[in-house]
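Everything below concerns the one structure shown next.
As the structure lists them, so they are numbered: ligands from 1, and atoms in each ligand from 1. It should be emphasised that the depicted structure is a prediction, and the values quoted were computed from it without experimental measurement.
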Amino acid sequence: MSRKRSISFYHKALEMLPGGVNSPVRAFKAIGIPPLFIDRAKGSRIWDVDGNEYIDYVGSWGPMILGHAHPKVVAALKRAVLKGTSFGAPTPLEVELAARVKKAFPSMELVRMVSSGTEAVMSAIRVARGYTGRDKIIKFEGCYHGHGDSLLVKAGSGATTFGVPDSLGVPEDLARHTLTAVYNNLESVKGLVSQYPGQIACIIVEPVAGNMGVIAPERGFLEGLRKICDEEGILLLFDEVITGFRVAYGGAQELYGIRADLTCLGKIIGGGLPVGVYGGRERIMEKVSPLGGVYQAGTLSGNPLAMTAGIETLDLLRSKKAYPDLEKKTSYLVENISISAEEKGIPLCINHATGMFTLFFTEGPVRDYRSAKTSDTNRFARFFTEMMKEGIYLPPSQFEAWFVSLAHTQKDLDRTIEACDHAFNAICSNE
Ligand SMILES: *Cc1c(COP(=O)(O)O)cnc(C)c1O
């Protein structure tokens with residue numbers, strides 16, 4: 001398996017892009033090998049520029065739930081591109097996508113399309129502050145909400161991987177308004193709320209955490225947040241950029257039966273093109289410009305290609321009995337990988353939700369950021385390298401989710417389990 005061309009592109013890229021990449025986790029820093037440069041992908045498979053084929057569990061970090069280059073999505077995009085790629089004026093496509101969002105997420109009475117998850121979250125936070133007239137927000141340690149200034153505090157994902165929880169360049173005056181609680185721990189939230197009475201605009205949470213690895217909310221956690229928010233006049237903001245159309249069509253709100261005041265979507269809703277959406281109760285979203293005084297705008301917002309990919313993707317997800325299928329595939333992988341690790345005596349805690357899971361190289365249970373950090377990241381790096389040799393492409397960090405798509409076949413799953421088995425053997429004999 002040659003990686004000559006990838007390495008050569010990487011060296012060229014290093015001269016032009018910081019770290020050779022346009023998003024930090026792509027650089028494979030946590031693994032310590034040069035990243036793959038990708039040529040193309042189809043269904044569950046992805047090919048690098050050296051022609052190596054892999055079964056893909058990155059799925060572009062979530063969006064590719066149908067698999068890559070789904071024929072119906074591609075056909076719709078071909079039709080759309082011939083009509084022009086951007087107008088900076090309203091189109092019927094935005095109305096069509098908005099209708100689908102509202103139907104899936106009844107709590108999103110008014111929605112605004114943007115171009116990334118980060119943009120959706122930044123804007124929703126501004127709305128929460130504008131609506132409540134309060135400055136402080138509560139987030140959870142290890143939850144990632146994009147790279148908005150207010151949210152780069154104890155964020156997971158790339159930040160976790162690099163052990164740099166805060167970013168340079170975020171003014172302290174702003175960061176001090178971001179309070180950090182412990183995931184799955186309501187007492188930590190209550191403590192902050194009583195410490196700053198009447199000052200908290202919103203609680204933002206990944207309703208199933210995906211950016212410190214997958215961690216599901218324990219019974220009563222989300223319900224408890226809803227209750228605290230209702231009692232204190234705080235807005236509950238669900239960041240469903242990963243979970244929306246992933247854990248269920250209607251996201252975590254459908255799965256757990258909880259209504260958020262504001263919701264952010266991204267990833268799947270763009271079907272692989274750049275889209276984010278935020279929305280919520282009408283009374284709150286009326287604050288958004290041009291209706292209200294919270295300014296937010298975007299030249300490419302509601303872009304016709306992005307809308308088209310989103311509409312096609314959502315329609316395919318609705319018509320396919322997608323979620324039972326996705327759940328079955330995910331459980332099959334998780335159960336069999338667990339058995340394999342157990343046989344080899346490798347401590348492994350696998351957390352999963354529909355269509356996403358993480359192998360934590362630790363005894364577990366993993367229920368918050370601190371317990372996630374007990375994982376053996378060196379062992380993960382060895383595992384990742386072995387899996388690459390086996391032709392399986394995983395997120396290159398311990399603290400990310402593997403994404404399963406509807407295009408993964410039974411053969412893919414069995415091949416993946418076999419590859420894990422080999423990789424576990426290699427780990428054992430190495431140590
Ligand atoms: C990916 C992600 C974001 C940021 O979305 P981008 O499109 O990368 O800006 C925000 N929140 C969560 C939960 C995410 O996983």
Side-chain angles (χ1 to χ4, degrees), residues 21-27 57-65 105 112-126 128 137-161 167 178 180 183 202-217 222 236-247 251-253 255 260 262-279 296 298 300-301 303 306 309-310 313 351 353-358 369 372 395-397 399-403:
V21 292
N22 281 311
S23 195
V25 78
R26 295 179 194 170
Y57 288 98
V58 177
S60 188
W61 304 91
M64 310 319 297
I65 191 167
F105 291 81
R112 168 63 58 85
M113 314 285 177
V114 292
S115 299
S116 72
T118 293
E119 207 186 343
V121 174
M122 280 167 50
S123 310
I125 296 280
R126 187 179 303 142
I137 63 172
I138 293 179
K139 77 176 284 291
F140 292 90
E141 202 178 359
C143 282
Y144 177 70
H145 303 291
H147 62 83
D149 279 346
S150 289
L151 295 148
L152 279 180
V153 177
K154 301 203 174 169
S157 209
T160 296
T161 301
S167 169
T178 303
T180 316
Y183 200 79
C202 69
I203 298 177
I204 179 169
V205 65
E206 288 181 76
V208 175
N211 285 293
M212 48 182 155
V214 174
I215 301 180
L222 298 176
L236 182 59
L237 197 171
F238 271 13
D239 180 351
E240 299 228 39
V241 169
I242 286 181
T243 54
F245 308 103
R246 163 74 53 186
V247 297
Q253 294 182 55
L255 192 62
L262 286 166
T263 301
C264 296
L265 300 169
K267 298 194 167 118
I268 290 174
I269 198 158
L273 274 84
V275 181
V277 178
Y278 69 98
Q296 186 272 312
L300 292 173
S301 294
N303 173 267
T313 299
N351 285 356
T354 299
M356 58 197 277
F357 63 99
T358 299
Y369 184 65
S397 157
F399 305 104
E400 301 286 355
W402 304 30
F403 291 109

Note to self: Could you check whether any side-chain heavy atom of Asn351 comes within less than 4.5 Å of a side-chain heavy atom of Phe357, counting everything from C-beta outward?
What the structure shows: no
Note to self: When you compare the side chain of Thr178 with that of Leu151, does any pair of heavy atoms fall below 4.5 Å?
What the structure shows: no
Check: With no hydrogens and no angle check, do the side chains of Gln296 and Arg112 hold a donor and an acceptor under 3.5 Å apart?
Finding: yes
Item checked: Protein residues having a heavy atom less than 4.0 Å from any atom of ligand 1 -> Ser116, Gly117, Thr118, Tyr144, His145, Gly146, Glu206, Asn211, Asp239, Val241, Ile242, Lys267
Margin query: Taking ring pair (Phe, Tyr, Trp, His ring centres under 6.0 Å) as the definition, give me every residue that meets it alongside Tyr57, ordered by chain and number, with sequence neighbours left out.
Written below: Trp402, His408
Checklist line | Any residue meeting ring pair (Phe, Tyr, Trp, His ring centres under 6.0 Å) with Phe245, in chain and number order, not counting sequence neighbours | finding: Phe105, Tyr249
Hey, can you pull the donor-acceptor pairs under 3.5 Å for the side chains in residues 117-124, sequence neighbours left out?
{"residue": "Thr118", "atom": "OG1", "partner": "His147", "partner atom": "N", "Å": "3.4"}
{"residue": "Glu119", "atom": "OE1", "partner": "Ser115", "partner atom": "N", "Å": "2.9"}
{"residue": "Ser123", "atom": "OG", "partner": "Glu119", "partner atom": "O", "Å": "2.6"}

